[in-house]
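For reference, the structure is listed below as structure tokens.
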Amino acid sequence: MRMSRYFLPVLKETPSEAQIVSHRYMLRAGMIKQSSAGIYSWLPLGYKVLKKIENIVHEEQARAGHLPMLMPTIQSADLWRESGRYDDYGEEMLRIKDRHDRDMLFTPTAEELITDIFRAHVGSYKDLPLTMYQIQWKFRDEVRPRFGVMRGREFYMKDGYNFDLTKEDAMHAYNRHLVSYLRTYERMGLQAIPMRADSGPIGGDDTHEFLVLADTGESEVFYDSAVTDLTFGDREIDYDNVEQCAGVMEEFTTKYARTDETHDEALFNAIPEARRKTARGIEVGQIFYFGTKYSEAMKATVQGPDGKPVPVHMGSHGIGVSRLLGAIIEASHDDKGIIWPEGVTPFHVGIVNLKQGDDEADAACESLYKALTALGLEPLYDDRDERAGGKFATMDLIGLPWRITVGPRGLKNGVVELTSRRTGESEELSPEEAVKKVAAIYDNH
Ligand code: P5A
């Protein structure tokens with residue numbers, strides 16, 4: 001992409017309504033624009049990162065064997081009356097009437113709708129296990145929408161639902177989700193710690209939230225610092241292997257890590273003092289096992305092995321896809337702007353032409369652009385007729401992890417400069433070497 005053709009409405013001033021750094025940078029980098037309280041338009045740069053994150057979620061769900069599907073955002077109230085949640089959900093639910101005066105709503109989550117689909121089409125235990133998921137907009141009329149995409153009213157969520165014959169099978173689904181989430185967040189450059197939590201309006205007793213530690217997080221958390229040493233890495237997982245998934249689950253959830261809702265002072269105090277930590281965290285996902293709560297209320301049964309109807313065991317599993325942009329920025333920025341992890345960066349590398357209009361510099365930038373594109377990489381070429389300082393400031397703000405700087409002086413010696421946004425370190429390389437190096441960096445992403 002050439003900057004001259006892109007829509008990147010960068011703001012010079014810090015928007016006064018933004019209280020936290022991720023919100024400020026998302027507005028300043030022209031990624032989002034507020035349309036009403038807690039509701040945003042996603043401008044090209046923000047949309048690109050949103051899609052990258054969504055894509056990682058899809059890939060990891062496919063790896064775990066979960067089936068993608070899509071349900072509507074507007075649902076009939078009738079299903080929610082069956083489960084009892086039409087009243088329970090309270091003012092967070094946006095209620096709508098259609099022209100026939102029928103009660104509709106904008107979906108805050110989709111346990112009811114998926115249970116209705118299940119009961120219409122699945123009749124036998126032989127069709128289990130089954131896990132389907134969607135990535136779809138949700139609406140919750142939050143009392144205090146704030147911090148930009150962190151606590152929106154409209155937000156993008158991955159929501160998955162498992163249907164199993166027994167509690168043991170459903171717990172395997174729970175563990176499988178936990179494992180796949182660990183991998184998902186790590187691919188985005190995040191450490192998200194599973195913590196025992198409260199289930200709220202979704203229901204059930206077994207639930208873990210995934211939290212990214214950050215001072216601006218809305219949740220207070222308590223944990224044994226040993227949990228921050230755990231990394232998932234690139235271990236091979238067979239998601240059908242019950243013991244293996246249970247083993248990983250145990251490894252990542254046995255040490256103390258809880259949100260304030262489930263915090264237990266006595267258990268916490270049993271941890272050696274130096275490892276006892278209190279911090280703030282951003283909730284980027286949550287998994288639930290709620291057994292037969294919805295299947296009993298909505299009569300979602302299958303014929304069991306003995307021919308008798310049994311309600312299915314269920315769980316649901318969410319990732320805050322749009323919130324993740326905020327969480328990643330909170331975890332990865334400096335005072336000049338965002339620093340995207342390679343896995344989610346909107347463009348792989350920026351090209352800065354220090355002297356637009358200089359024949360040699362222009363030609364070198366064009367050939368870098370072509371060479372990078374030919375390798376399947378997406379460069380963002382700042383081809384505007386602007387001061388070098390302004391170009392650097394924009395690149396730093398939008399946070400591409402790598403930048404190639406091209407100027408007449410370097411070209412005389414046959415070199416360009418490759419700079420890491422994270423460390424600020426630069427090296428002089430021939431244009432060919434710079435391309436090779438950038439390609440090698442992205443080989444693993
Ligand atoms: C699990 C999937 C559920 O709704 N039902 C379907 C279950 N869980 S949840 O924890 O309530 O939400 C899942 C994730 O969505 C994100 N999230 C939000 N993101 C932005 N703005 C909001 N107002 C908001 N509310 C929830 C969180 O990341 C949460 O973990």
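Read the numbers this way: they start at 1 and go in the same order the structure lists the ligands and their atoms. Residue numbers count from 1 along this sequence. Hydrogens, waters and symmetry mates are skipped; everything else that's a heavy atom, side chains included, is used.
- Among protein heavy atoms, atom 27 (C) of ligand 1 sits closest to Arg323 NH1, 3.5 Å.
- Put simply, the side chain of Asp141 never gets that close to the backbone of Met93: no donor and acceptor are under 3.5 Å apart.
- Heavy-atom separations between Tyr156 and ligand 1 are all 4.0 Å or longer.
- With a 4.0 Å cut-off on non-hydrogen atoms, Arg140 touches ligand 1 through its side chain and not its backbone.
- Proximity of Val284 to ligand 1, defined as any heavy-atom pair under 4.0 Å, is confined to the backbone N, CA, C and O atoms.
- In this structure, the protein non-hydrogen atom closest to atom 3 (C) of ligand 1 is Ile202 CD1, 3.6 Å.
- Short contacts between ligand 1 and Gly285, defined as distances under 4.0 Å to a heavy atom of the residue, involve ligand atoms 28 (O), 30 (O).
- If you look at Tyr174 and Tyr289, their ring centroids are not closer than 6.0 Å.
- With ligand atoms numbered from 1 in the order given, ligand 1 contributes 10 (O), 27 (C), 28 (O), 29 (C), 30 (O) to contacts under 4.0 Å with heavy atoms of Glu283.
- In Glu111, the part holding a heavy atom less than 4.0 Å from any atom of ligand 1 is the side chain.
- The residue from Gly320, Ser322, Ala192 that puts a heavy atom closest to atom 16 (C) of ligand 1 is Gly320.
- Residue contacts with ligand 1, taken as heavy atom pairs separated by less than 4.0 Å, involve Gln286 via backbone and side-chain atoms alike.
- Between Arg81 and Asp87 there is no salt bridge, since no side-chain nitrogen of the basic residue lies less than 4.0 Å from a carboxylate oxygen of the acidic one.
- In Ile287, neither the side chain nor the backbone holds a heavy atom less than 4.0 Å from any atom of ligand 1.
- Looking at ligand 1, you won't find any N or O of Phe288 less than 3.5 Å from one of its N or O atoms.
- Counting protein heavy atoms only, atom 25 (N) of ligand 1 is closest to Phe155 CZ, 3.5 Å.
- No donor-acceptor pair closer than 3.5 Å links the side chain of Asn162 to the backbone N or O of Ala173.
- Remark: side-chain polar atoms of Ser219 are not paired, donor with acceptor, to backbone N or O of Val221 under 3.5 angstrom.
- With Arg140 contributing its side chain and Pro108 its backbone, the two residues share a donor-acceptor pair below 3.5 Å.
- Heavy-atom proximity to Val149, at under 4.0 Å, picks out these atoms of ligand 1: 20 (C).
- Heavy atoms from other residues, nucleotides or ligands lying under 6.0 Å from CZ of Arg146 number more than 12.
- Only one option out of Arg275, Lys255, Arg258 pairs with Asp224 in a salt bridge (charged side-chain N to carboxylate O under 4.0 Å, His left out); it is Arg275.
- Looking from atom 20 (C) of ligand 1 to the surrounding protein, the closest heavy atom is Met150 O, 3.3 Å.
- Listed by number with element, the atoms of ligand 1 under 4.0 angstrom from any heavy atom of Thr109 are 4 (O), 5 (N), 6 (C).
- Here Glu142 has side-chain heavy atoms under 4.0 Å from ligand 1, and that is the only part of it that gets that close.
- Near Arg151, meaning under 4.0 Å from one of its heavy atoms, ligand 1 places the atoms 21 (N).
- Between the His263 side chain and the Thr259 main chain, no donor and acceptor come within less than 3.5 Å of each other.
- Screening Ile32, Leu50, Val344, Ile338 for a side-chain contact (heavy atoms from CB on, under 4.5 Å) involving Leu325 leaves a single residue, Leu50.
- Asp334 has a carboxylate O that lies under 4.0 Å from a charged side-chain N of Arg421, or vice versa, which qualifies the two as a salt bridge.
- When non-hydrogen atoms are compared, ligand 1 lies under 4.0 Å from the side chain of Met157 (C-beta onward) but not from its backbone.
- When atom types are taken as modelled, the side chain of Arg95 and the backbone of Tyr86 share a donor-acceptor pair closer than 3.5 angstrom.
- In Phe210, neither the side chain nor the backbone holds a heavy atom less than 4.0 Å from any atom of ligand 1.
- The shortest contact between atom 21 (N) of ligand 1 and any protein heavy atom is with Gly152 N, 3.1 Å.
- Remark: side-chain polar atoms of Tyr40 are not paired, donor with acceptor, to backbone N or O of Met31 under 3.5 angstrom.
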